[in-house]
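Accompanying notes for the structure given below.
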There are 2 protein chains.
Amino acid sequence: MNARPRPPAITDVASAAGVSYQTVSRVINDHPNVATDTRERVLDAMQRLGYRRNIAARALKTRRTGVFGVVASGSHLFGPTRTLVSIEQAARAKGLFVSLATVDLQHKDEVTAAIEHLLDQGVDGIVVVASHDEAAAAVLESTTQVPVVVAGRAAGEHTLAVAIDQEAGAKVATRHLLDLGHRDVLHLAGPAPWVDARARAVGFRETMAAAGLAPRTLWADDWSAEVGYLAGQELVARVRRRRSTLPTAIFAANDLLALGMMHALADARLNVPHDVSVVGYDDGDGSAHFVPPLTTVAQELEELGYRCVELLLAARDGTATSSSVAVSPRLLVRESTAPPRDPARVLL
Amino acid sequence: MNARPRPPAITDVASAAGVSYQTVSRVINDHPNVATDTRERVLDAMQRLGYRRNIAARALKTRRTGVFGVVASGSHLFGPTRTLVSIEQAARAKGLFVSLATVDLQHKDEVTAAIEHLLDQGVDGIVVVASHDEAAAAVLESTTQVPVVVAGRAAGEHTLAVAIDQEAGAKVATRHLLDLGHRDVLHLAGPAPWVDARARAVGFRETMAAAGLAPRTLWADDWSAEVGYLAGQELVARVRRRRSTLPTAIFAANDLLALGMMHALADARLNVPHDVSVVGYDDGDGSAHFVPPLTTVAQELEELGYRCVELLLAARDGTATSSSVAVSPRLLVRESTAPPRDPARVLL
DNA sequence: CTTCGGTGATCCCTTCCACCG
DNA sequence: GCGGTGGAAGGGATCACCGAA
């Protein structure tokens, strides 16, 4: 059961370096009053012995593990995945460790269980990468001693959050379409339980309203290309049955929805962008090479992850507890958007 | 520095339950000789106090943290990301924790540093999700006391590995094209330092050779759509200058390369699949809705992650040290493949 | 005043050993 | 001798002191 040989401890280093284990501890923790040459001797001994500080012992004493937990979506979503990576890198740069728990964010129980799992590990803080209502609810209900940050969600009263200004992203996307001359724009919104989806929808509606235009919004059930495709098929069917008109532009809440939508449009022999313009959101993998290359909104996900770690550290150390807002997204204009078709032309 | 209040320990539970802390420990560790009613009393007390076992103390004593480290690619690659998720879920199902370190796998130093980082945390084992030569070299050079598994790499002599049979995947993909009647097939291979890329190339070549056909292989610099696009542009240019012929089918080493290739073909007004068939690999997000929907190869990445954890556990406990091979991939036929065009037709 | 050694206490748990019916 | 329980001994590091060069 306990076959592992005993690794070198601080006392071993001490005797190897000919100093007391006190001094070794001082070297490890960068205490001031250590002579340079003794420090060298100690470091050298640590090197020779392959000493590695036992973090279990340290954590036991200090009541700090130096581990942050991250709850992330187990489904392969572009934004959250990149956020996760950036969180990890920011944490590691600060000498912290990141423990992962992946879940289906739609199930509050799973999120709660994941948080429990991380707390069992004694994490110093948790980031929940999810602007999903269920996940947020799970966070609110959890009574943890450690700080919890929700990444990508607008700040709540009691939760710490770092949010990207999704409304702003939606606004630039919508403005872009309006500037091209579009008046009849449809927004294929993401799944409503996602805060991001709602924020983008708000940004869309407000921009349309500000221009005195009537916004049309369609809500998707998830973020997948498949759902975008089905939404597109249904739209085409409704237009064919004259129950609806074909918008001149569509703003999809993410790239995959846009991809599925473009697929449905292509099936109906509609040309993007000449018949219909399409804008996505995320600048996900490959979107620059969709047919046609997708105009989309890129986010500073690295920045988001970095700020999560900063906030968590500040909260842990009691330095600060205010939420912060990351920078705004920016528009990437590619080939899926163009001025509107002649409105007189009847398609389908 | 140490502001956190002291959480309940087993002694607190013990006095609350009116037993010795010994008995509490027995309850926690499911020892046999505990009377049912005392066990109940203890569990009840734990519940009331909100007791959480201090894993640092446990780890200190047992020399086991119950944490596995995962080194994964920081770039947003489809396969590795899904593998990471499945590893985490398999680990959590077994009550283990997963600590993450993301790196650029092409830099051996980074992989080495990531492994060091995880070892600093006292992980019980490490999975390196990378069939990249540099990463594998880093693993070979690292002299760790804990087992290291390379996910997705063919088993080496000294490393543990769980591999997916990439050759088999490439073979079914190639066979599919040959069965459709193609004779002139080009393989757009992934970056050569990746074991997966080479394995797929081997599967391709062998299948071609077995059919008495001459294989053509083009090596990409990375797995991105951009590189696929550039490769496609170059291919088209060479064909236009009559320095090469246009293959009737292209087997790309992943979906993004295929996407970029299809983009380049579309630019050249070539129709997929009527002029050129295209097959991808991964069944990545959205590939079912590319234009046209991509025929591709799906892998059992969940199985891969699960086996990694199994292997790591076995290695940690000294049960087994043999490498295992996960199941074979399967072909998904969609709309990007068709019988070859009339060879007499001259395109471009 | 700086640099270092020494001691003792502590963190919380697991494991070995001993006890009692 | 066995089921149920308790006591003591670490495990490796941090921290607070005191003392001594």
Side-chain angles (χ1 to χ4, degrees), chain A residues 1-43 45-46 49-67 119-122 124 145, chain B residues 1-43 45-46 49-67 119-122 124 145:
Chain A
M1 176 104 177
N2 191 351
R4 219 171 290 169
R6 182 179 156 285
I10 175 171
T11 51
D12 300 320
V13 176
S15 58
V19 298
S20 84
Y21 70 91
Q22 261 331 307
T23 312
V24 177
S25 178
R26 290 196 184 101
V27 170
I28 294 175
N29 296 316
D30 282 326
H31 270 287
N33 298 342
V34 180
T36 337
D37 58 325
T38 31
R39 156 169 285 123
E40 301 261 306
R41 284 220 314 285
V42 170
L43 289 173
M46 295 196 335
L49 297 180
Y51 170 76
R52 215 177 275 281
R53 148 210 267 142
N54 184 324
I55 68 127
R58 181 198 167 85
L60 179 58
K61 180 62 184 172
T62 62
R63 281 190 203 140
R64 273 197 188 174
T65 55
V67 178
L119 290 175
D120 279 344
Q121 201 193 351
D124 288 346
Q145 306 302 319
Chain B
M1 176 103 179
N2 192 351
R4 220 170 292 169
R6 182 179 155 285
I10 60 171
T11 51
D12 301 319
V13 176
S15 56
V19 297
S20 85
Y21 65 87
Q22 262 332 303
T23 312
V24 177
S25 176
R26 290 202 184 90
V27 171
I28 295 175
N29 296 314
D30 282 324
H31 270 287
N33 300 342
V34 181
T36 335
D37 59 326
T38 23
R39 156 168 286 123
E40 300 263 308
R41 283 219 315 286
V42 170
L43 288 174
M46 295 196 334
L49 297 180
Y51 171 75
R52 211 178 278 281
R53 151 210 261 139
N54 183 321
I55 67 129
R58 181 196 165 88
L60 179 57
K61 184 64 181 172
T62 62
R63 282 191 199 137
R64 272 197 189 173
T65 55
V67 178
L119 291 175
D120 279 344
Q121 201 193 348
D124 288 347
Q145 307 300 319

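Everything quoted here is computed from the prediction, not taken from an experiment. Just so it is clear: chains get the letters A, B, ... in the order the sequence lines come, proteins before strands, and each one is counted from 1.
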**Item:** 5' priority, DNA chain C, between A57(A) and V34(A) [closest heavy atom]
**Value:**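 Of the two residues, V34(A) wins.
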**Request:** Specify the residue among A9(B) and N33(A) whose closest nucleotide of DNA chain C lies further upstream toward the 5′ end.
**Result:** N33(A)
[X] side chain near [Y] side chain, heavy-atom distance below 4.5 Å:
| X | Y | value |
| --- | --- | --- |
| I10(B) | I28(B) | yes |
| L119(A) | R52(B) | yes |
| V19(B) | V42(B) | yes |

Which nucleotide in the set [options] lies at the smallest distance from any side-chain heavy atom of [X]?
| X | options | answer |
| --- | --- | --- |
| T62(B) | dT15(C), dA13(D), dT5(D) | dT15(C) |
| S20(A) | dC11(C), dT14(C), dG6(C) | dG6(C) |
| K61(B) | dC12(C), dT14(C), dA9(C) | dT14(C) |
| Y21(A) | dT15(C), dG11(D), dT14(D) | dT14(D) |

Determine: side-chain N/O of [X] to OP1/OP2 of [N], distance under 4.0 Å, yes or no.
| X | N | value |
| --- | --- | --- |
| N29(A) | dT14(D) | yes |
| R63(B) | dG12(D) | yes |
| R6(A) | dG12(D) | yes |

For [X], all residues meeting side-chain contact (heavy atoms from CB on, under 4.5 Å), sequence neighbours excluded:
| X | answer |
| --- | --- |
| N54(B) | L60(A), A56(B), A57(B) |
| S15(B) | none |
| T11(A) | R6(A), A9(A), Y21(A) |

How long is the line joining [atom1] of [X] and [atom2] of [N], in whole Å?
| X | N | atom1 | atom2 | answer |
| --- | --- | --- | --- | --- |
| I10(B) | dT15(C) | CD1 | P | 12 Å |
| I28(A) | dG12(D) | CD1 | P | 13 Å |
| R41(A) | dT3(C) | CZ | P | 14 Å |
| R52(A) | dA13(D) | CZ | C1' | 17 Å |

**Asked** Is there a Watson-Crick or G-U wobble partner for dC1(C) with both distances under 3.5 Å, and which nucleotide is it?
**Response** none
**Item:** R41(A): partners by side chain to side chain donor-acceptor pair (under 3.5 Å), with sequence neighbours left out
**Value:** none
Counting any heavy atom closer than 4.0 Å, what does [X] reach on the DNA or RNA strands: base, sugar-phosphate only, or nothing?
| X | answer |
| --- | --- |
| N54(B) | sugar-phosphate |
| T11(B) | nothing |
| S25(B) | base |

**Request:** Please tell me which of A56(B) and T23(B) maps to the more 5' nucleotide of DNA chain D, matching each residue to the nucleotide holding its nearest heavy atom.
**Result:** T23(B)
Cut-off 3.5 Å, no hydrogens considered: what does the side-chain donor-acceptor table look like for residues 33-40 of chain B, sequence neighbours left out?
from   : atom 1 : to     : atom 2 : distance (Å)
T38(B) : OG1    : A35(B) : N      : 3.4
T38(B) : OG1    : A35(B) : O      : 2.8
R39(B) : NH2    : H31(B) : O      : 3.3

**Fill in**
Counting primed atoms, P, OP1 and OP2 as sugar-phosphate and everything else as base, the B/S/- map of nucleotides 16-21 of chain C against protein heavy atoms under 4.0 Å is ------
